[in-house]
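Since the structure is predicted, the reported quantities are computational estimates derived from the model, not experimental observations.
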Amino acid sequence: MRILDRLLGRPRLSSREIAKERLQLVLTYDRTELSPSLLEALKGELIDATSKYVDIDKGEVKVTLAREGRRSRVVADIPLLSSQAGSSG
């Protein structure tokens, strides 16, 4: 993954920043009581439901938890493959 980050010009995170991100993720999972296996199941169902209606890049789907104050949110990043994304109906 580091090679891909370098090729794409993404900034390299320090060990401190990586540890901070991991700790925040662990705390978010702990506070929401949403296990990683449950999050993976949710991701699978989101992929199945979304792919019924539009073509998506299933390998690039990311489902994460975000914390904003006292609220937690499930955030899904689902890349679309076709021009159907902008059409309605």
Minimum heavy-atom separation for I56 to L81, with atom names?
-> O-CD1, 3.2 Å
What is the minimum heavy-atom distance between I47 and K58, and which atoms define it?
->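 That closest heavy-atom pairing would be CG2-CG, 3.7 Å.
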CG-CG distance between D57 and L80, expressed to the nearest 0.5 angstrom |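 These two atoms lie 10.0 Å from each other.
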Begin from the C-alpha positions of E60 and K62 and carry the test salt bridge (Lys or Arg N to Asp or Glu O under 4.0 Å) through to its verdict.
-> CA-CA 6 Å; E60 291 296 317; K62 293 180 178 69; 3.6 Å; yes
Quick one: does V63's side chain get under 4.5 Å of L46's, heavy atoms only?
->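 Answer yes - side chains close enough.
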